[in-house]
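Protein chains get the first letters and strands the later ones, always in sequence-line order, with residue 1 at the start of each.
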2 protein chains.
Amino acid sequence: MTFSLTSPFRKTFSNSLREKGLRPTKQRECVYGIILDKRDHPTADDIYYRVKKYLPGTSFATVYNCLETLVGCGLVRQVNMDRSPTRYCPNLTPHAHFKCNKTGRIYDIQIDEDTLSRMNALVPQGFEAENIDLSFSGTGNALEN
Amino acid sequence: MTFSLTSPFRKTFSNSLREKGLRPTKQRECVYGIILDKRDHPTADDIYYRVKKYLPGTSFATVYNCLETLVGCGLVRQVNMDRSPTRYCPNLTPHAHFKCNKTGRIYDIQIDEDTLSRMNALVPQGFEAENIDLSFSGTGNALEN
DNA sequence: AGTTATAAATGGAATTATTCTAATTATTAA
DNA sequence: TTAATAATTAGAATAATTCCATTTATAACT
Ligand SMILES: [Mn+2]
Ligand SMILES: [Mn+2]
Ligand SMILES: [Zn+2]
Ligand SMILES: [Zn+2]
């Protein structure tokens, strides 16, 4: 059994890929579905093992390939904290990340427009920022989930 | 010839180490001096080759050991952007980093108190942030240096 | 100064996340 | 269908960093 996206997500998925002349394969759909399904910022490794439950033949290289493709299409975002393995996030709104050093869990933190524009205003003249990255680490309650 | 710190820095250096019962070795002094000397956010690799000019017998492991020690003493900070090699920064004031995707150079960007406290205010109740990390990437003029 | 205890430095091997390569398989369009 | 092309696969390669066992340096104490 393959991992099937629900209608609205499947539409976004195949449109985004086809716009770039890429093919909506079952591996790509599965990887995307898994990232959407449990928004816990999984690593490639995490994703690999989850994908295997649906498509047992999937290789590690494929997971990395799919992730690169999905990032390239703007469907998911990479999250890097320190030197730990890259994590993947389907939340496309402007948001920061909080990593709890006790549990290792990563939480989304919304950024309001005001604070966001203040952060952007830090960038001096002559510089053009294409990307902002804000992350916190410390300890956080794990009440949610 | 060993890399010698100027008096005020040497004082900070040996005090910070001795506070933790650590020894101010010539390798540690050299690594610290190199990071202070050219504030270009060098990688361990960069630092290794610069150190070798002063202390040719230095090993890679030692550079990593010294860096870990200096970070532990709060004399330098690690800067991580994406998955690229860790860089080292002697600027201990609250500041963000801007990476130019064309040149690879990393620039310090000061953060004013106001913006800083707004960023801190994003952290929800129940979470205690020990660290903030703000980084930008894009294109920047390389006029300085 | 000389001895001893401990910390640090060293070279090389090991680890680990990620990327690359060459061969096979799937998808699409004609 | 067939042919062209793109994607997947297994495994090798890469690269930053860490680990390990040994040697050397440092500092405290005679
Ligand atoms: Mn895992
Ligand atoms: Mn270099
Ligand atoms: Zn997120
Ligand atoms: Zn800096």
Would one find a side-chain N or O of B:Y64 under 4.0 angstrom from OP1 or OP2 of D:dT18? no
Just checking A:T58: base, sugar-phosphate only, or nothing, at a heavy-atom cut-off of under 4.0 Å? sugar-phosphate
In whole Å, I'd like the distance from the OH atom of A:Y32 to the P atom of D:dA7. 18 Å
Determine the interplanar angle of the A:F13 and A:Y32 rings, folded into 0 to 90°, and report it as parallel if under 30°, tilted if 30 to 60°, perpendicular if over 60°. parallel
Separation of C:dT25 atom P from A:R28 atom CZ, nearest Å, is 19 Å
d(CG, A:L17; P, D:dT8) in whole Å: 10 Å
For B:N65 and C:dG11, what is the distance between atoms CG and P respectively, to the nearest whole Å? 12 Å
Strictly by salt bridge (charged side-chain N to carboxylate O under 4.0 Å, His left out), give each pair with a member in residues 22-35 of chain A just once, sequence neighbours left out. A:R10-A:E29
Between B:P85 and B:P24, name the one whose nearest nucleotide on DNA chain D is closer to the 5' end. B:P85
Could you tell me whether the side chains of B:T43 and B:D45 share a donor-acceptor contact shorter than 3.5 Å? no
Rounded distance in Å - CZ (B:R83) to P (C:dT18): 5 Å
The answer to which of B:S59 and B:R23 contacts DNA chain C further toward the 5' end, by nearest nucleotide, is B:R23
Looking for any heavy atom pair under 4.0 Å, which part of the strands does A:S84 touch: base, sugar-phosphate only, or nothing? nothing
To the nearest Å, give me how far apart CG (B:L67) and P (D:dT18) are. 10 Å
Taking the nucleotide of DNA chain D with the closest heavy atom to each, which residue, B:A44 or B:R18, is nearer the 5' end? B:A44
Fit a plane to each ring of A:F127 and B:F98, take the angle between them on a 0 to 90° scale, and name the class: parallel (under 30°), tilted (30 to 60°) or perpendicular (over 60°). perpendicular
Without decimals, in angstroms, what is the distance between A:L55 CG and C:dA26 P? 12 Å
Is B:T86 near enough to D:dA16 that one of its side-chain N or O atoms lies under 4.0 angstrom from OP1 or OP2? no
On DNA chain C, nearest-nucleotide positions of A:T25 versus B:Q27: which is more 5'? B:Q27
What class does the angle between the rings of B:Y48 and B:F60 fall in, given that below 30° is parallel, 30 to 60° is tilted and above 60° is perpendicular? parallel
Nearest-angstrom distance from the residue atom CG of B:D46 to P of D:dA16: 10 Å
Would you mind classifying the nucleic acid contact of B:G21 as base, sugar-phosphate or nothing, using non-hydrogen atoms under 4.0 angstrom? nothing
